[in-house]
Amino acid sequence: MLEVKSLYVSYGGVQALTNVSVHVKEGEFVSLIGSNGAGKTTLLNSIMNIVGRQKGSALFQGKEVSKVSTADMVTRGVALVPEGRRVFSNMSVRENLEMGGFKRPVSEVKAKLAEVTEMFPVLGDRASQMAGMLSGGEQQMLAIGRALMSAPKILLMDEPSMGLAPLVIKEVYEKLKVLAESGLTILLVEQNASIALKYAQRGYVLENGRIIMQGKASELLGDNEVKRAYLGKE
Ligand code: ATP
């Protein structure tokens, strides 16, 4: 469904990504792990064409999309849940969700709202509250709900566990699991390697802007090098 080939991205003198190739098949849940500054956010922002690339291509559903605008990426079915959630704090929960559906016809937005609030009942319960009043976990649910409003085919998730307590992280991942089981394709990037690999089918390890390992998520979880560097145990 999504294929990134030999991607190179630099910020001035900083080479953030070097020869990165990643693919995600339809219906797959893929996690890419890496430590702080490895280039995870850069990869997702590059797929969305928020940051430009030096070299490399990106195919979505077989079509070259490396020159498509970010808004058109959303229309084509790619939605990003950004790092730090970035909800619109001074807008209500409902308005945040409506923003996610701004490219869709009004009738569809209504149906999507119903679907999203069924999936995340708390967003329905708190529809008229300011998003900034929600807890971190609820804001993460809202950020996911907002992305779902654009009826994506693939969800790009940037560090969903960031700043959340372990129980809340689990709740978020359980929701992602339900979404994946309903057929949504997911590409997720995380520092929290253990949970990201636990829920994924396949994984990649990004280090200093390069993919150094890839394989089945269960195999990566059992790999000694991954354990030593990312899971905090021998
Ligand atoms: P984090 O989890 O901390 O967000 P990351 O793996 O997502 O880390 P990136 O944010 O993609 O990493 O950053 C990759 C590299 O590019 C880092 O060295 C970072 O300092 C650098 N970088 C990121 N954004 C910019 C920018 N706008 N200008 C200059 N350098 C940048």
Side-chain angles (χ1 to χ4, degrees), residues 2-24 29-58 60 65-67 69-70 73-74 78-87 136-137 139-140 142-144 146-147 154-166 168-170 172-173 176 186-200 202-215 217 220-221 223 225-232:
L2 177 70
E3 191 171 7
V4 174
K5 288 196 269 190
S6 302
L7 182 64
Y8 290 75
V9 177
S10 78
Y11 300 103
V14 182
Q15 191 68 39
L17 294 178
T18 305
N19 196 21
V20 168
S21 296
V22 168
H23 71 273
V24 187
F29 188 146
V30 174
S31 289
L32 179 142
I33 60 164
S35 43
N36 195 2
K40 305 180 296 298
T41 299
T42 300
L43 172 64
L44 297 189
N45 285 346
S46 170
I47 293 170
M48 292 306 288
N49 295 318
I50 294 169
V51 300
R53 69 202 71 202
Q54 290 162 291
K55 273 199 276 182
S57 64
F60 178 61
V65 288
S66 48
K67 294 197 168 62
S69 73
T70 301
M73 289 301 287
V74 178
V78 187
L80 172 68
V81 181
E83 184 171 23
R85 327 191 227 288
R86 308 268 183 91
V87 299
Q139 289 190 14
Q140 185 65 69
L142 176 56
I144 296 169
R146 181 181 58 188
I154 184 168
L155 197 62
L156 308 181
M157 294 281 317
D158 196 345
E159 206 93 37
S161 75
M162 194 191 213
L164 302 179
V168 181
I169 294 174
K170 184 154 188 275
V172 171
Y173 272 86
L176 293 176
I186 297 178
L187 173 61
L188 180 150
V189 306
E190 264 282 8
Q191 279 193 51
N192 187 336
S194 56
I195 192 142
L197 292 175
K198 189 172 158 214
Y199 280 81
R202 217 154 49 72
Y204 293 88
V205 181
L206 186 70
E207 205 171 277
N208 294 324
R210 292 172 191 268
I211 300 287
I212 57 155
M213 238 186 264
Q214 57 183 295
L220 290 177
L221 265 176
D223 183 274
E225 179 61 21
V226 173
K227 280 188 191 168
R228 190 190 56 73
Y230 298 97
L231 302 174

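Please read all numbers here as calculations on a predicted model, not as lab measurements. All values below come from the heavy atoms of this structure, side chains included, with hydrogens, waters and symmetry mates left out. The first residue of the sequence shown is numbered 1, and numbering continues consecutively from there. Whatever order the structure lists ligands and atoms in, that order sets their numbers, starting from 1.
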Does any N/O atom on A16 come nearer than 3.5 Å to any N/O atom on ligand 1?
no
Report the residues that fulfil salt bridge (charged side-chain N to carboxylate O under 4.0 Å, His left out) with R53, sequence neighbours left out, ordered by chain and then residue number.
none
[atom] [closest protein heavy-atom partner, distance rounded to 0.1 Å]:
{"atom": "atom 9 (P) of ligand 1", "value": "T42 OG1, 3.6 Å"}
{"atom": "atom 17 (C) of ligand 1", "value": "G37 O, 3.7 Å"}
{"atom": "atom 1 (P) of ligand 1", "value": "N36 OD1, 3.6 Å"}
{"atom": "atom 29 (C) of ligand 1", "value": "Y11 CB, 3.3 Å"}
{"atom": "atom 10 (O) of ligand 1", "value": "T41 CB, 3.8 Å"}
{"atom": "atom 12 (O) of ligand 1", "value": "G39 N, 3.1 Å"}

When you compare the side chain of [Y] with that of [X], does any pair of heavy atoms fall below 4.5 Å?
{"X": "E190", "Y": "Y173", "answer": "yes"}
{"X": "V189", "Y": "L156", "answer": "no"}
{"X": "Y204", "Y": "I33", "answer": "no"}

Between T41 and D158: side-chain donor-acceptor atoms closer than 3.5 Å:
yes
Under the criterion side chain to side chain contact (heavy atoms under 4.5 Å, CB included), I'd like the reasoning laid out for V205 against Y230: C-alpha separation, chi angles, the key distance, then a yes or no.
CA-CA 9 Å; V205 181; Y230 298 97; 3.6 Å; yes
Backbone N or O of N49 within a donor-acceptor pair of the T70 side chain at under 3.5 Å?
yes
Looking at ligand 1, does S35 have a heavy atom less than 4.0 Å from it?
yes
For [X], the ligand 1 atoms whose distance to one of its heavy atoms is below 4.0 Å:
{"X": "E159", "answer": "2 (O)"}
{"X": "A38", "answer": "5 (P), 6 (O), 12 (O)"}
{"X": "Q191", "answer": "2 (O)"}
{"X": "E83", "answer": "1 (P), 2 (O), 4 (O)"}

Any protein heavy atom sitting closer than 4.0 Å to atom 20 (O) of ligand 1?
no
Flag: protein heavy atom within less than 4.0 Å of atom 31 (C) of ligand 1:
yes
Using a 3.5 Å cut-off and no angle test, enumerate the donor-acceptor pairs between side-chain atoms of residues 5-14 and protein atoms at least two apart in sequence or in another chain.
{"unit_1": "S6", "atom_1": "OG", "unit_2": "N19", "atom_2": "OD1", "d": "3.3"}
{"unit_1": "Y11", "atom_1": "OH", "unit_2": "T42", "atom_2": "OG1", "d": "2.8"}

One pair to check against side chain to side chain contact (heavy atoms under 4.5 Å, CB included): I186 and V30. What are the steps and the verdict?
CA-CA 6 Å; I186 297 178; V30 174; over 6 Å; no
Take V4 and H23 through the side chain to side chain contact (heavy atoms under 4.5 Å, CB included) test and state the conclusion after the steps.
CA-CA 6 Å; V4 174; H23 71 273; over 6 Å; no
For atom 2 (O) of ligand 1, which candidate among E190, E207, K40 holds the nearest heavy atom?
K40
